[in-house]
Every structure is written in structure tokens, then in C-alpha cells.
2 protein chains.
Amino acid sequence: MQDNITKIFKAIADPKRREIFHALIIASSALSITQICGQFSISRQGVTKHIKTLEEAGLVTISSQGRERFCMADAQPLKQVSEWMKFYEKFWDGALDNLGAYLDES
Amino acid sequence: MQDNITKIFKAIADPKRREIFHALIIASSALSITQICGQFSISRQGVTKHIKTLEEAGLVTISSQGRERFCMADAQPLKQVSEWMKFYEKFWDGALDNLGAYLDES
DNA sequence: AAATTAAGCAACCAAAAAGTTGCGTAATAG
DNA sequence: CTATTACGCAACTTTTTGGTTGCTTAATTT
């Protein structure tokens with residue numbers, strides 16, 4: 001499909017997916033699909049699709065128990081985003097000065 | 001359209017746009033649309049559209065000079081991404097321990 | 001055993017996104 | 001003045017995305 005970091009970026013680019021991810025992060029336990037549905041105004045299948053996207057990005061892990069599928073957020077992949085951004089931080093504010101710093105270190 | 005941070009996320013979610021942004025960041029001067037085109041295998045209009053998306057996210061600023069439009073990257077909006085991520089950093093590695101830290105500070 | 005519940009799958013739909021081509025126009029070069 | 005260049009605009013195509021509904025299956029309840 002697309003490379004890993006693109007999957008992560010795309011996953012968090014959607015506001016509803018960010019909401020779902022957030023809900024899972026702050027949940028005290030893993031949540032089933034139905035439990036997640038309860039918090040949002042979209043259909044179960046809609047939620048399922050978002051969860052799948054998040055899962056493929058590694059931002060959600062799922063463990064099946066009986067007929068239920070419990071979802072847990074995993075923030076780890078966001079490290080990759082952080083890594084990606086590290087390069088560009090040099091260019092925040094007073095781009096020219098920091099560009100100098102960048103050139104120095106290379 | 002959509003809120004500001006979503007625009008930023010969406011802008012950088014596309015790999016070609018990340019490439020263009022990168023090319024602009026490391027360029028020693030502002031680049032015209034045509035100059036940017038030279039580095040990528042899509043049509044000029046394709047580039048123009050990507051530039052527009054980046055511009056709307058605040059990641060590119062444009063100054064017109066005669067018939068040319070010179071583009072410059074601005075990394076500043078990425079700060080917002082960094083801000084957004086700050087919350088989730090607590091949950092990297094050993095989620096449980098860090099969750100404790102999060103609960104303490106709230 | 002029958003009814004209910006949790007969820008997957010597939011098909012479908014509408015809107016957005018990524019990209020193209022064609023044409024017009026204003027600035028610059030010859 | 002003419003030719004060329006840099007670009008915007010508009011229309012159009014294809015893919016992707018966000019979302020839906022209907023149906024099925026497998027676990028649970030009652």
C-alpha cells in the first residue's frame with residue numbers, strides 16, 4: 001500500500017480517528033468495538049473502518065475475546081512522527097539562524 | 001473547510017507533498033513553481049495543487065515577482081503537530097507507568 | 001433450544017483528493 | 001512587435017476515503 005510513516009500520518013490526519021485514538025488512550029481498559037461506538041455518532045461499521053486504519057498504522061492493537069474485540073491504543077508509532085519532525089524543528093523561528101546551525105552539524 | 005491542525009496533518013500526510021516541502025526547506029532560496037516542477041515527475045498543475053494545499057496549511061508562503069511565484073517553506077506550523085503529540089508522548093513505552101505520571105499531573 | 005448480541009463481510013454511495021489536459025493571459029525576451 | 005515563458009483557471013478522470021445498509025456467523029443469554 002504505502003510506507004509506514006505515511007500510514008501513520010494518514011491515520012492521524014482524520015479528526016474522527018484522532019478522537020477515537022484519544023478515547024482509547026485515556027480509557028482505563030481496552031474497549032470493544034461496540035463500546036467505542038457508544039461514544040461517537042457514526043455507525044458501527046464506520047468505527048470498524050477507522051479502527052482498521054489505526055490498527056494498520058500500529059496505533060491500535062486488538063485482542064479478541066469470545067465474540068468481542070478489545071481495542072487498545074498504542075502511542076509508540078507516534079515516535080516516528082516525532083523523528084520525522086526533528087529535522088524540521090531546526091527551521092522553526094528565525095529560519096536563517098537555525099539553518100546555519102543545521103549546516104554546521106552536517 | 002477543516003480545522004487548522006487537520007489541514008496541517010493532511011498536508012504532510014501525502015508523501016509527494018512531504019517531498020516538495022523538503023525540497024523547499026533545503027533550498028537555499030525561494031523556488032518558482034517551474035523550478036519545483038523540475039524536481040518531480042508530475043505535471044505543473046499537479047505541483048501547483050500540492051503547493052496550494054501546503055500554503056493553506058501555512059507550510060509554504062508565496063511571493064509573486066512579475067510572472068513568477070516564488071515559494072518558501074515555513075516549518076512553523078509543525079509546532080502545532082508537536083504540541084498535539086506532547087500529550088501522547090506520556091504513553092510511549094511502558095504505557096502504564098507513564099499513565100501514572102499523567103494522572104498525577106492532572 | 002431460541003433469542004439476543006458482537007462483530008465481520010460485501011456492496012454500495014457520495015464526496016474529496018490526486019492528477020491530467022486544454023486554454024487564456026500577463027510578463028519577459030528576442 | 002512577436003515569440004516565448006510562467007502561470008492561473010476550468011473541466012474532467014480516476015482513486016481513495018468516509019460513511020452507510022443488509023446479510024451472515026458465531027458467541028452469549030435466557
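Within every chain, numbering begins at 1; the chains are lettered A, B, ... in the order of the sequence lines, protein sequences first and strands thereafter. Values below: every heavy atom of this structure, side chains too, minus hydrogens, waters and symmetry copies.
Listed candidates were D:dG18, C:dG19, D:dT5. Nearest to the side chain of A:R17 is D:dG18. With D:dT5, D:dG19, C:dA7 as the choices, the nucleotide that has an atom nearest any side-chain atom of A:H50 turns out to be D:dG19. Distance from the side chain of A:T34 is smallest for C:dA7 among the nucleotides C:dA18, C:dA7, C:dA29. Here D:dT17 is the nucleotide among D:dT17, D:dC7, D:dA11 with the atom lying nearest to any side-chain atom of A:K10.
Between the P atom of D:dA26 and the CD atom of A:Q65 lies a distance of 19 Å, rounded to the nearest Å. The distance between atom CZ of B:R67 and atom C1' of D:dA6, rounded to the nearest whole Å, is 6 Å. Between the C1' atom of C:dA17 and the CD atom of B:E56 lies a distance of 13 Å, rounded to the nearest Å. Summarising the geometry, the separation between CD on A:E55 and C1' on C:dA7 is reported as 14 Å, rounded to the nearest angstrom. If you measure from atom CD1 of B:I51 to atom C1' of C:dA18, you get 15 Å, rounded to the nearest angstrom. Atom CZ in B:F9 sits roughly 19 Å away from atom C1' in C:dA17 (whole-Å rounding). When rounded to the nearest whole Å, the span between CD of A:E68 and P of C:dA7 equals 5 Å. Counting to the nearest Å, the P atom of D:dT17 and the NZ atom of A:K52 are 11 Å from each other.
Between A:Q80 and A:N4, the shortest heavy-atom distance links the atoms OE1-OD1, 3.4 Å. Scanning both residues, A:F91 and B:A75, for their nearest heavy atoms gives CB-CB, 3.9 Å.
Residues A:V47 and A:I62 share a hydrophobic cluster, clusters being chains of Ile/Leu/Val/Met/Phe/Trp/Tyr side chains in contact below 4.5 Å. By the rule that hydrophobic residues join a cluster once side-chain heavy atoms approach within less than 4.5 Å of another member, A:L59 and B:W92 end up as members of one cluster.
By the 30° and 60° cut-offs, the orientation of the rings of A:Y88 relative to B:F21 is tilted. Ring orientation note: the planes of B:W84 and B:F9 are nearly perpendicular, at an angle over 60° on the 30°/60° scale.
The side chain of A:K16 contributes no N or O atom lying less than 4.0 Å from OP1 or OP2 of D:dT17.
Residue-level contact check: B:T48 touches the backbone only, with heavy atoms under 4.0 Å from sugar-phosphate atoms and none from bases. Within 4.0 Å of A:T53, counting heavy atoms only, lies no atom of the nucleic acid at all.
Heavy-atom distances to DNA chain D give each of B:I62 and A:A13 a nearest nucleotide, and the one nearer the 5′ end belongs to B:I62.
At a non-hydrogen distance threshold of 4.0 Å, A:R44, A:Q45 from residues 39-46 of chain A come into contact with DNA chain C.
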task: Run the numbers on A:F40 and A:H50 for ring pair (Phe, Tyr, Trp, His ring centres under 6.0 Å), then give the verdict.
output: CA-CA 12 Å; A:F40 301 94; A:H50 282 312; 8.9 Å; no

